[in-house]
Amino acid sequence: MNNDKQIAVLGVGMHPWGKWGRSFVEYGIEAARAALRDAGLSWDDIQYVAGADTIRNGYPGFIAGATFSQALGWKGNRVASCYAACASGAQALNIARAQILAGLCDVALVVGADTTPKGFFTPVGGDRPDDPDWLRFRLLGATNPTYFALYARRRMELYGATGEDFALVKVKNAKHGLANPNARYRKAVSIEDVMASPTVADPLRLLDICATSDGGAALVLSSMEYARKRDAKPVRIAAISTVTPTYPQTIIEMPNFSTDSAAVVAPPERAFRDAIGFAAYEEAGIGPDDIDLAEVYDLSTALELDWYENLGLCKEGEAERLIRDGDTAVGGRVPVNPSGGLASFGEAIPAQAIAQVCELTWQLRGQADGRQVDGATAGITVNQGLFGHGSSVIVSR
Amino acid sequence: MNNDKQIAVLGVGMHPWGKWGRSFVEYGIEAARAALRDAGLSWDDIQYVAGADTIRNGYPGFIAGATFSQALGWKGNRVASCYAACASGAQALNIARAQILAGLCDVALVVGADTTPKGFFTPVGGDRPDDPDWLRFRLLGATNPTYFALYARRRMELYGATGEDFALVKVKNAKHGLANPNARYRKAVSIEDVMASPTVADPLRLLDICATSDGGAALVLSSMEYARKRDAKPVRIAAISTVTPTYPQTIIEMPNFSTDSAAVVAPPERAFRDAIGFAAYEEAGIGPDDIDLAEVYDLSTALELDWYENLGLCKEGEAERLIRDGDTAVGGRVPVNPSGGLASFGEAIPAQAIAQVCELTWQLRGQADGRQVDGATAGITVNQGLFGHGSSVIVSR
Amino acid sequence: MPAKTRVPAVEGWFTTEGDEPALLGTRCRSCGTYAFPRESYFCKNPACDGREFDDVALSRRGRVWSFTNNCYQPPPPFVPTSDPFEPFAIAAVELADEQLVVLGQMVPGTSVDDLKAGMDVELVVDTLFEDDEHEYLVWKWRLVETGAPA
Amino acid sequence: MPAKTRVPAVEGWFTTEGDEPALLGTRCRSCGTYAFPRESYFCKNPACDGREFDDVALSRRGRVWSFTNNCYQPPPPFVPTSDPFEPFAIAAVELADEQLVVLGQMVPGTSVDDLKAGMDVELVVDTLFEDDEHEYLVWKWRLVETGAPA
Ligand SMILES: [Zn+2]
Ligand SMILES: [Zn+2]
């Protein structure tokens, strides 16, 4: 591993996911205080706050770093507020990491929280016919599940995936989430339950698709030097990938109408989703074989299968075999989404990539009661935000 | 100076300010290409892009770093997109600096650009009675100039400032801007012109208050090691302050209805605006006496006078003497806003703090034709964004 | 014509009944710090973890810290009350006990020419705007008559 | 009842006249790369500084890359055309010459059960929704009849 690029995770915390109907600020602050307690530190010890923004909660959401700082009490600390759709949390983490590695601060707090509307995500308000995110609803009626369904159907056409394979992902994640006190849904689900739920965007059914949730997650980070005074073997952030695509992007991506053209410029060596994890492995100096568990962005059950391949946990076309064989369940070869994943949480956009790191931290410390991956020493998260935001974090101990 | 915390400015560029009615993306890309040309580098050399967001231009504005990267051509580079109101540009610069100092990249691009609506800035859309930025319009009719006027009147009441003193600031900045090819207004203004313009928010007149503009600005930054291979004495970023206030904040701030209470906790040693520059001086290891010139955020003429004192260019209550004596004009003791300032540019929110650094770079290189501050070796910028965002950058050579 | 219903333009920011209207703030039960508008989440004092607050009526009198006239019609959600627009004054007022500054419109008829920093003002409730059925109320500041002969 | 005016639901994205409607894209004058929707700012090829583009009609035929049925009514700005909502199919279609994939609704009557990856489709112009005066048009994909006996 590249030891000079590592930082420590001193504390992690969440506000449970759900539909609480309160302000995102409350979720963020409760998560932050939980992370501070976990770290054994107080607000006074924090020098830098990186907030992951929410764009559906007015001005306070655009300046999350300042909003959380003011709610904790103005004390002159420096802040940043960033946005990268579903990758916002990883961006905030990356911004805080660089401040620490640069020696500009010793201890930083990263917070993301959201209050979400019900139902499908819709484009932000107003009549905006220049915005692809508006036009895709108008001209195509293409919702987020539409795109997830195109990928799912592609797996069926190419690799013979079935609706039951997808359902197996839900069954596994629901089982993992049973033991997670921060999960929104804590209920066992059977293949029959999934198959009996109404089809949203064929072949995906209601139980194949993640809900939208309220929630908050926070991390207290420090330099390795600071951490080692408190803990001889702290959990470390070994890599953060925030790469963008390489032209031409030949897989259709939400919310676009088309891919780039490969007629003049040849496609890159690695497609975008493969490149996200690759950059993280490269930065950490390890490979897929060194990974004990993964938290991947299961916006749909089928998408989780794609991520297995994108992360190199198996070869292309083999993901169905992994889920069928139980390789990615807790107790299997490389457990995926031991937290229960988005399937058990629902998505709280700016909090989600941070929550993935919380789970890996608990796992590497051996604190994931009821869902513990035994002896885990390295885990990876992966995720992708609209408009070209890669997000992958490697956590090790 | 703290030499281990410095980075180099390899190139600067702008799209001229104005009301062009085109997409902010175009302004940003033209500024970025100008900065690349200035640096003698190509897009291929850039490893990291930090974008300063605009929140009034749909989804692409929320993810400025990705939007600019895609427009320049996806090539896998890492990005960040941040927002901090008027301080967004300094935040983007700070984020990029840390990536370089941390050794996570060698060369970064910082871009901010905006397409602005006409007239007063209004709160973002929808009926949002929980948002102070909405309520101040509803309950008080308090526009941005209302707050500027409260500060201006306070100077009149405390220090005997006059409308003519404020007008002198406009006269000076208009004169400076005459020679700036990127300025929107390039027209000499007399005291009589200012005094004859209609009162907007007493005591401030139309010519005391900055307009809103379209514009774009960009910086190409690198590690000192990378820069020294190309230039023995590059322009350097010596400090960036992005501090927040310390409780209780006892000066009324836009868009609030009230200050914090000082009844229980005593006010901090330095009020927020004094603390912004102080943190920059401290980081750079220099003081106000070492400063040859300043770019300050003259949202109103009177506010420029406040900044003289906040930056320690004079004692409290002495700013009127400085402007009357010509100390802050080019040729004077410590020229302020040699670019022409917001008075000549109008404000393009995410670009403005970056534009301040562009001007200091040209000045320190001796390239500020027609407005050059002779022999300048160190300059400071200062600025403040809504909701507690300090912004001050020290540039030296 | 029946009288219009008088309703506050914002809920819970000020009292509307009685001779002595007042702004409604909060006081932290842990550290005693004041806040206006009312705090319902977290105490803003960084040294305090308080989440419980008592409602308190703020001082009805204060001193002018600064002031201005709004000479142009603000954009929505401001609701204009006259056409053409008539300028109105806004003051920032220091409350001595709470040691905070609160903004408010001055009552109609008071302009910047009548004001100086340090003058005593008191809080009144007045009409902000009206629609067909309602009169929307807001707090405003009024100069305290000093009793000196005119 | 007079015929409604037929107008495109979005300007400049496709041709509406003639027997052979087509999507309108651009081709970069510097590097020749295609783009859909039309590029008007900057060529997306990172190796190219091009800012000038020729309009081009894209291939009218392509092959299905993937597909889905939308079974729930999408939120606005989608305009529903029936109550209750009727599911419709969307396909991602590969154009061989341009080497890009374009989304489009399938014409009414085609469902996922009719589709397989690799099938040939062609572009038609059809009604997206209507109001009292206008019929708003959009491009859709239609399966190419193979001529095989039914
Ligand atoms: Zn308290
Ligand atoms: Zn080209």
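Naming: A, B, ... by sequence-line order, numbering from 1 per chain.
Looking at C:Phe129, only its side chain comes within 4.5 Å of chain B, counting heavy atoms on both sides. Within the 4.5 angstrom heavy-atom criterion, atoms from both the backbone and the side chain of C:Ile90 approach chain B. Within the 4.5 angstrom heavy-atom criterion, no atom of B:Phe148 approaches chain C. In this structure, chain C has a heavy atom under 4.5 Å from the side chain of B:Leu135, while its backbone stays farther away. If you measure heavy-atom distances from C:Lys140 to chain B, you find no contacts under 4.5 Å at all. Of the two parts of B:Leu140, the backbone and the side chain both hold a non-hydrogen atom closer than 4.5 Å to a non-hydrogen atom of chain C. For C:Ala9, the parts lying near chain B are the backbone and the side chain together; criterion is any non-hydrogen pair under 4.5 Å.
Side-chain contact between B:Leu139 and C:Leu128: present, with at least one pair of heavy atoms (C-beta onward) separated by less than 4.5 Å. Side-chain contact between B:Glu157 and C:Trp65 is absent, with no heavy atoms from C-beta onward closer than 4.5 Å. Counting only heavy atoms from C-beta outward, the side chains of C:Thr33 and B:Tyr247 approach each other to under 4.5 Å. Between B:Thr199 and C:Cys71, the closest side-chain pair of non-hydrogen atoms falls below 4.5 Å. Side chains of B:Phe137 and C:Pro75 form a contact here, defined as non-hydrogen atoms less than 4.5 Å apart.
Shown here is C:Glu130, whose CD atom has more than 12 heavy atoms of other residues, nucleotides or ligands within 6.0 Å. The number of heavy atoms from other shown groups lying within 6.0 Å of CZ (C:Arg51) is above 12.
B:Ser261 places no side-chain N or O within donor-acceptor distance of the main-chain N or O of C:Leu100, the cut-off being under 3.5 Å. Of the possible polar contacts, none joining the B:Ser258 side chain to the C:Val102 backbone as a donor-acceptor pair under 3.5 Å is found. Under a 3.5 Å cut-off, the side chain of B:Arg138 and the backbone N or O of C:Phe78 do not form any donor-acceptor pair.
Between the side chains of B:Thr146 and C:Asn70, at least one donor N or O sits under 3.5 Å from an acceptor N or O.
C:Pro77 and B:Trp134 make their closest contact through CG-O, 3.4 Å (heavy atoms, listed as atom of the first residue, atom of the second, distance). Nearest heavy-atom pair, B:Gly141 versus C:Pro74, reported as atom, atom and distance to 0.1 Å: O-CG, 3.4 Å. Between B:Arg153 and C:Ser66 the shortest heavy-atom distance is CB-OG, 3.4 Å.
Interface summary for chain C: among B:Val264, B:Leu158, B:Asp202, B:Ile251, the most heavy-atom pairs under 4.5 angstrom belong to B:Asp202. Counting heavy-atom pairs closer than 4.5 Å to chain B, the top-ranked of the candidates C:Val10, C:Val112, C:Val138, C:Asn45 is C:Asn45. With respect to chain B, the highest number of heavy-atom pairs below 4.5 Å among C:Leu95, C:Asn69, C:Asp97 belongs to C:Asn69.
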